[in-house]
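Within every chain, numbering begins at 1; the chains are lettered A, B, ... in the order of the sequence lines, protein sequences first and strands thereafter.
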There are 2 protein chains.
Amino acid sequence: MPKTGLSSEEIKEKALQIAEEKIRAYSFEKFRLTDIAKELKISQAALYNHFPDKAALLDAISERWLAHMDNTLEHIANKEVPPRQLIVKWFLTYHQLKKEKVLKDPELYKSFNMAAELLKPFIIDHLDNLNRQLLMLVQKAIIAQEIHAKSPENVVQLLLESTISFHHPRMVLDHKDENREGLLKQVVETMLEGFHE
Amino acid sequence: MPKTGLSSEEIKEKALQIAEEKIRAYSFEKFRLTDIAKELKISQAALYNHFPDKAALLDAISERWLAHMDNTLEHIANKEVPPRQLIVKWFLTYHQLKKEKVLKDPELYKSFNMAAELLKPFIIDHLDNLNRQLLMLVQKAIIAQEIHAKSPENVVQLLLESTISFHHPRMVLDHKDENREGLLKQVVETMLEGFHE
DNA sequence: TATGTTATAAATATAATAATTTATAACATA
DNA sequence: TATGTTATAAATTATTATATTTATAACATA
């Protein structure tokens, strides 16, 4: 029986909450494991029973957010709406979620080393999810004859590539004070129109 | 009569050449005005007769390269080729020039603070040039009935936005080891197709 | 007057050291 | 045995002093 009266999962969850608070209050660079331990009323070393190291704790925060994002998008992807319209909606939501995150936690983004980030399993998993969802939408749109294309995979790649400034963290940060939803809508619709015939 | 036997313009030009060498040999962060002065055989303080400060010297390097880029693109924009085809060619060249620069001088890019960079007059000038050239091409394409659009300005904006990952320095750096010209071609052609009807 | 000099003040970078934080080890207890 | 403790080694970060670099000033000369 644990001495805090909490399960490992509960401790983990609380640790992540506190970490997010600290990062928001101070900054990404300055938050300390000792602060988390203090607030949890356990020793700093005891955190290592729940997380292999500090990086793993930080990754867990990102992972949690990405899971939330995947779910929200999945929910949209499964709506009963004409697929082409849904693709536009999906991209707009994707953009909004990223922007929301950047606005809320700019510290979380600034220091991202994208090259290293892309190798992490939970990021790969997230990107897979996005690809899978969008592929499904594109396939539906092809079946519904709303767009025409030999390779739905290629359509997915082109759509994601041409909208990168609306979902790539760095680019989203650059434009955080602008409303670019109208522009995104136009880009996606023009691309879809390009696949029309 | 100057004591070096060189005009201010000649000193400036030599200073820029030496600065580029030094940046390439060492790095952006490490190059010193003293090194340039030493090689020019003048005192370090004398450089201030030609450049207001160190930042101005660095800006002059960028400015020179951007001018070269603008000229190359201008030359392409004026070719006698069907405009829609020319737009694709123009984007491919733009991408190649940026990539070339990033591959040659990665140090010049890493430290770029984009927000500050975009306020500099010579950057504004460069972006104006790009917009002007592309606008001309789009207008020609509309006249030739190769694309249909009410607002050529809007077409220009959408084309530049959807291809940003092929010319934004940070994104180009991220993909520097990939050949992405086929992908760029597809994006531009799909967008143009989207404006077709 | 434009371009150069030397001297020096102000700002930055570097290096050595101290302090803090992260991570591991050895052990305790429900 | 899972989760906790304290002690401490290893790594990182802050601090401070020193050296270097950038920028300005006062002045020289073609």
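No hydrogens or angles considered: nothing links the side chains of A/H196 and A/E193 as a donor-acceptor pair under 3.5 Å. Side-chain N/O atoms of B/S7 and B/E9 include no donor and acceptor closer than 3.5 Å. With hydrogens and angles left out, the side-chain atoms of B/Q96 and B/E181 include a donor and acceptor closer than 3.5 Å.
For B/S43 and C/dT6, the shortest distance from a side-chain N or O to OP1 or OP2 is not below 4.0 Å. Of the side-chain N and O atoms in A/H50, none sit less than 4.0 angstrom from OP1 or OP2 of D/dA2. The side chain of B/T4 contributes an N or O atom lying less than 4.0 Å from OP1 or OP2 of C/dG4.
If you take CG of B/L33 and P of C/dT12, they are 13 Å apart, rounded to a whole angstrom. A/L47 places its CG atom 18 Å from the P atom of C/dA25, with the value rounded to the nearest Å. Note: NZ (B/K41) to C1' (C/dG4) measures 16 Å, nearest angstrom. One can place OH of A/Y48 at 13 Å from C1' of C/dA25, the figure rounded to the nearest angstrom. For the pair B/Q44 CD and C/dT8 P, the interatomic distance rounds to 15 Å; values are reported in whole Å. To the nearest angstrom, P of D/dC27 lies 17 Å from CG of B/N49. As a whole-Å value, the separation of B/E29 CD from C/dT14 C1' is 15 Å. A/K22 has its NZ atom 16 Å from the C1' atom of C/dT21, to the nearest Å.
Shown here, C/dA13 forms a base pair with D/dT18; the pair counts as Watson-Crick or G-U wobble because both key distances fall under 3.5 Å. With both pairing distances under 3.5 Å, D/dT3 is matched to C/dA28 as a Watson-Crick or G-U wobble pair.
Between B/H167 and B/Y94, the two ring planes are parallel [angle under 30°; tilted spans 30° to 60°].
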Does the pair B/V155 and B/L135 meet the rule for a side chain to side chain contact (heavy atoms under 4.5 Å, CB included), with working shown?
CA-CA 8 Å; B/V155 172; B/L135 182 61; over 6 Å; no
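Of the two residues contacting DNA chain C, namely B/A45 and B/E9, the nearest-nucleotide position lying further toward the 5' end is that of B/E9. Heavy-atom nearest nucleotides on DNA chain D were determined for B/D35 and for B/P52, and the one closer to the 5' end corresponds to B/D35.
Side-chain proximity of A/R32 to C/dT21, D/dT21, C/dT3: nearest is C/dT21. Comparing atom distances between the A/D53 side chain and each of D/dT3, C/dA23, C/dG4 picks out C/dA23 as nearest.
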